[in-house]
Amino acid sequence: MTTKYIGKPASRVDGLEKVTGKARYSADFKVEGLTYGFIVSSSIAKGKITGIDSSRALALDGVLQVFTHENVRNLPWFKLRYTDLDAPSGTPFRPFYDNTIRFSMQPVALVIAETFELARYASSLIKVDYEEETHTSSLYQNISKSFKAPKGKIGYVPPKSRGNADAAYEDAAFKIQAEYKHSAEHHNPMELFSTTAIWDNEKLTVYDKTQGVSNCQFYIGNVFGLAYKDVRIISPYVGGAFGSGLRPQHQLFMAVLAALELKRPVKVGLTRQQMFSFGHRPATLQKLALSASPEGTLESVRHEAYSETSQFENYTEVIVNWSATMYACENVELKYELVKLDTFTPLDMRAPGAVTGVHAMESAMDELAYTLKMDPLIFRLKNYTDEDQVNEKPFSSKELVACYREGAEKFGWAARNVEPRSMRDGKNLVGWGVATAAWDANQMPSRAKALLSIDGKLVVSSGTSDIGTGTYTIMTQIAAEILGIAIENVTFKLGDTNLPLAPLEGGSWTAASVGSAVKTVCEDVRKILLKHAVKTKASPFYNYDPNKLQIDSGEIFDPNDSSKGISVTEIMRLAGVNSIEETSTSGPNPLVGRKYTMNSHAAVFAEVKVDEDLGTVDVTRVVCAVAAGKILNPKTARSQILGGVVWGISKALEEESKLDHQYGRFMNHNLSEYHVPVNKDINDIEVIFVEEKDDIVNPLGVKGVGEIGIIGVAGAIANAVFHATGVRVRNLPITMDKVLQIAEDDRNQVAV
Amino acid sequence: MNSFSYNKVTEVAEAVADLTGHANARFIAGGTNLLDLMKENVARPDHLTDINKLALTAIEETEDGGLSLGALATNADTAWNELVERKYPLLSQAILAGASPQLRNMATNGGNLFQRTRCYYFYDTATACNKREPGSGCSAINGINRIHAILGTSEHCIATHPSDMCVALAALDAKVNVTGPYGDRVIEFRDFHRLPGDTPHLDNNVQDGELVTSIELPPSNFTQHFHYLKVRERQSYAFALVSVAAALELDGNTIKDIRLALGGVAHKPWRDCSCEEAFIGQEATEANFRALAEMILADAKGYGSNTFKIELAKRAIVRAFSEALKNN
């Protein structure tokens, strides 16, 4: 099918607003009489508040109130009132509920003042006394207390074993086992969390940074006992979130609490330091054991993961399951357990679970390939599968072989000498590594509205979010394509609870979910237009078969008869309609889900140069070949994959939240010491979208590209480092001391 | 951040006078470190004297053939200054290894000397830190100390000095001109910063009310064989795990003069002249550089996470001198 807009590299429709500063983010909304809040964070990780002295803060002219657990009343006691759509099982954190400290940097007081500077200063005058209790913050030292991860969180699927992995491992000719440690990581979006809440004694309006306005509406309605219809959440732009906006954050509760109590508009933001006071990618310990026949057939996979969670909720993510579906294998044993620590509950972060589990699995696959003396790419192809062996279903589509082939060709993999330490560039050892990646291609029920006006302008809307991914742009493209009007005449609106309900923006499902709703609603409007064209007497197509008509550039025409035509606006005028408004719902087809497993895939190839003396690693080239169904916009999709690869490099080499066990506190809580790549760290990145036609996954044939770009990168880099140096660094990030094997003590290197 | 008064001055004498009469006044120039410290409640000045209007931006040759760097010349202007590039290329290299272009555009030479450590605990008032709060203890010794010192530490503090520029200044035998309520004086660079000892809250030997006016560099012959090597976890905007300022003056392949200063390893730029002297007259070989590295790090002590720095520093020294030899 030839298309005009879908599949074309349209520039971002919101690009001009963003680069000119007109795009307003949650902290940018000016309100008459605004007051400012500043949160005081606990200095301890566990214990009781024995007293709070706010007198010096309150004595300052312009300080309006200091909220603490001592004076905040009328909050619901029932724990489920605090839940949200992304909450795992357990008891959600209840701010100001009692004097118990459950994690370091827990909000213990909120100062409201006439200016931000005053609120910040006043916060430094508040004295909080604690009775400290012994906290538990080390995952490794508490593995013996692990327990089976419970169900309860959306998207979590418990692992399923098959065959007899232990017996197969015992009997196998070639085998490896290894442990992998990952530190916690924080999302650290550029934009800090901020909320402005306005209460007019009847209705509450809230500007918030979120990946789901309806989730915030649900939470605020429940916690503060307001009818959902009286709570409006607005979030037109989000400056990065990566999962951190999936759950309501501290400042939302704080701003609403103060606005309701003081009856003044309130703005509360988190500082960069306080961005380390909520969810994070959990620290994990993984144990893998793989075995293969002399011919290179994977005979057994055993994958165990131990992951941290808080004392009050059981955060779960899919870490080990990928190892059961990525390759053909008869004997797979999986285990996934949690360890409770005195930290905040972990939170979904780009490719949650997969980025952790796939790094370990893909490193282990590489290690086994070396044991077999087999090229690691050939080893992967040898164990390729077109069947999801866990659920005994075929994939709806899986062009992974094309990813391997096209990626390898672009990278020049065929020239690789399989021997470690065989390639050199001056003082640098050169290594090439490969890894596979997979992610779910999900669709969630979504609603969208379309309003076509007599002037030919179309406004399509849905209460979804654009966290920088390009939602505004691709929805505009879909609407223009389906209805057949020029893209300049289409506006897409999102981020407002007054708009039709959309799911949380996450899981790579927004393109498929909201995109399908936009497609459906535009098809509905198109049908109405064509109905008018054939039912309106003055129409040139009166009594025509509407199925023979098409719409393009706002013109209705018969492709087989160029003598006639009428514009969309003219037919509306003739039919006497000023506007056409439709709202439609679109959701996944459950029958398809029962018959097929739907995944996106990728193959990642990486080249590293490792300074032989200093151990520093430079990722000089990455090729990421992706099979993700129909690519709606190759430009924004490429940016998504580029971002994923950059983050993969970050995860492999730089990123970790350093947790001090003396304090149970993350210590590198700023962007100077929490390292993510700078421009100079990033070299050539090549993105390939292989052709993948999928009529099964959803009517648009799209699988989403938010996650798939990051998943294989750390594995490919770790494998390239081994190829360069002959050293297997299994604990991320791969730093110079680990490469040189001069790390005397990794007690704190892997901060878990 | 607390409330403070603020005054912009135009004369050096006025600046010095403006500071007196306040309990805890501070000069502010580029503010690239002080503002962060104030936002974190680590520095709580009651008064700021803004010295950006003082006429201290000149970079000019001195009578003895050296160079004077105005205290208020920015790091960027200094690094790219034609005289600095030609006469003290090691210094240019070191400055450009530091921070980011944006920070170097704001940061001044004087301010660079007063940068405070980036120890995590120093910046977090929820933790114990003898540098921030004398007597409260050092959290880093048994904590996360990957970025901490291996030389000249004490049981009270293992913080490092974060500057790159100062490492080159130490190697180049700079002098610091200060003025103050009791007149002018000159501080040799080696005496400018302090080791922590039992007074880790003191970073340097500048007295209350004193203002750095310029940094003076003596004539130097290290224009041919020099290298500043910074080993860090990313290629920009990261402090050194180990940095090396290496310079050689050669007669054939014989070392006529040699300089070695280390960053990221101590509470001050680390230089040991006795080590340098031991290699004057020796051949410029990798083996000798390794021997020099062993000597300067002989007393190094690791604290667990940072122990790797001892071997890393030795390798970095050898690499830096090897690179210096290549220059011509």
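Every chain is numbered from 1 and lettered A, B, ... according to where its sequence line falls, protein lines coming before strand lines. Being a predicted model, the structure only gives us computed values, none of them experimental.
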For the pair A:L740 and B:L312, evaluate side-chain contact (heavy atoms from CB on, under 4.5 Å) and give the outcome as yes or no after the intermediate values. CA-CA 9 Å; A:L740 295 175; B:L312 186 68; 4.1 Å; yes
Rounded to the nearest 0.5 Å, how far apart are OH of B:Y120 and NE2 of A:H669? 11.0 Å
Partner chain B: residue of A:E117, A:M105, A:K680 with the largest heavy-atom pair count (under 4.5 Å): A:K680
Does a salt bridge link B:R146 with A:D737, judged by any charged N lying under 4.0 Å from a carboxylate O? yes
Side chain / backbone / both / neither for A:N679 at chain B, heavy atoms under 4.5 Å: neither
To the nearest 0.5 Å, what is the distance between NE2 (A:H661) and CG (B:N142)? 13.0 Å
B:T127 vs A:M667 side-chain heavy atoms within contact, under 4.5 Å: yes
Write out, in numerical order, the residues from residues 229-241 of chain B with a heavy atom short of 4.5 Å from a heavy atom in chain A. B:L229, B:V231, B:R232, B:E233, B:R234, B:Q235, B:S236, B:Y237, B:A238, B:F239, B:L241
B:S3, part contacting chain A, at a heavy-atom distance under 4.5 Å: both
Given a strict heavy-atom distance threshold of 4.5 Å, which part of B:S139 is in contact with chain A: side chain, backbone, both, or neither? both
Max heavy-atom pairs within cutoff under 4.5 Å with chain B, candidates A:S43, A:A122, A:P677, goes to A:S43
What do you reckon, is CD of B:E294 surrounded by more than 12 foreign heavy atoms closer than 6.0 Å? yes
Working to the nearest 0.5 Å, report the span between OG of A:S104 and CG of B:D124. 7.5 Å
If you look at every heavy atom in A:I742 and B:F308, which pair is closest and at what distance? O-CB, 3.3 Å
By a 4.5 Å heavy-atom criterion (distance strictly below it), what part of A:Q741 contacts chain B: side chain, backbone, both, or neither? neither
Most contact-rich option vs chain B, by heavy-atom pairs under 4.5 angstrom, among A:V676, A:L653, A:T616, is A:V676
Kindly say whether A:L614 contributes a backbone atom to a donor-acceptor pair with the side chain of B:R315 at under 3.5 angstrom? no
Against chain A, label B:N2 side chain, backbone, both or neither, depending on which of its atoms sit under 4.5 Å from a heavy atom there. both
If you count the non-hydrogen atoms of other residues, nucleotides and ligands that lie under 6.0 Å from CZ in A:R56, is the total more than 12? no
Distance (rounded to the nearest 0.5 Å) between A:E673 CD and B:Y123 OH: 8.5 Å
Decide yes or no for A:Y121 and B:M1: does some side-chain heavy atom of the first lie under 4.5 Å from some side-chain heavy atom of the second? no
Applying a strict 4.5 Å limit to non-hydrogen atoms, the region of A:I44 in contact with chain B is neither
B:Y121 and A:D660: side-chain donor and acceptor closer than 3.5 Å? yes
Is it the case that atom CD in A:E133 sees more than 12 heavy atoms from other parts of the structure closer than 6.0 Å? yes
